[in-house]
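All values reported here derive from a predicted model rather than from experimental measurement. Hydrogens, waters and symmetry mates are skipped; everything else that's a heavy atom, side chains included, is used.
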Amino acid sequence: MTVEVNYVGVVLAAASSLAVGYIWYAPKVFGNRWSKLTGVTQGQLKKGMVRPLLIMVAASLITAYILAHVTFLAHDFFRNSFLQDAVTTAFWLWLGLAAMRLLAHDVFERRPTQLTLINVANDFTTIIAMGVVIGLAGTGVAPVVA
């Protein structure tokens, strides 16, 4: 089996991740609360934005690629609409990997529960948005008619 990944969908899904983060952590949404809980000020964020943004772009591209890859495999198995399989796959990957790993780390690091909830909800929104974009983009391969 050859896994087909729509690279345009991957790039668009990564862009959706950046858009969600930009809105989510805006000062009037969760940014001020996040800043207070982490002790990272808006001034500190603005001074050193290049490196975190580059890492975020790379992380978003990798996450989107993996989601597209696993979605193709899930779709090959479940055969629902590609959109349904992408969103369902996104949910299970978020729950099993992103949410549980973040929760495990935050509990041991004694991070405030509100911070964990802000971040895990951001991951949920981000990964589901990526799933929607990947699902709508499809595989980029014309379906084979039998």
*asked:* Please report the interatomic distance CG(L115) to CD(E109), rounded to the nearest 0.5 Å.
replied: 10.0 Å
*Is the W24 ring parallel, tilted or perpendicular to the F30 ring (thresholds 30°, 60°)?*
tilted
*asked:* Looking at every heavy atom in both I134 and A64, which two are closest together, and how far apart are they?
replied: CD1-O, 3.4 Å
*Okay, side chain of N6, backbone of A137: is any donor-acceptor separation there less than 3.5 Å?*
yes
*State whether a side-chain donor-acceptor pair under 3.5 Å links Y25 with N32.*
no
_Shortest non-hydrogen contact between A98 and D123, atoms and distance_ = CB-OD2, 4.2 Å
*Do the side chains of W94 and I128 get nearer than 4.5 Å, heavy atoms only?*
no
*Would you say the side-chain atoms of S35 pair up with the backbone N or O of V40, donor to acceptor, closer than 3.5 Å?*
yes
*Supply the atom-to-atom distance T38 OG1 to Q44 CD, rounded to the nearest 0.5 angstrom.*
8.5 Å
_S16 (side chain) donor-acceptor with A13 (main chain) under 3.5 angstrom_ = yes
*Quick one: pull up CG in L136 and CG in L12 and give me the separation to the nearest 0.5 Å.*
10.5 Å
*Between Q42 and G31, what is the shortest heavy-atom contact and its length?*
NE2-O, 4.0 Å
*asked:* Does any part of the side chain of V70, heavy atoms only, come nearer than 4.5 Å to the side chain of L93, both counted from C-beta?
replied: yes
_If we ignore hydrogens and angles and just use 3.5 Å, is the side chain of H75 paired with the main-chain N or O of N80 as donor and acceptor?_
yes
_Nearest 0.5 angstrom please: M100 CE to L102 CG, how far?_
9.0 Å
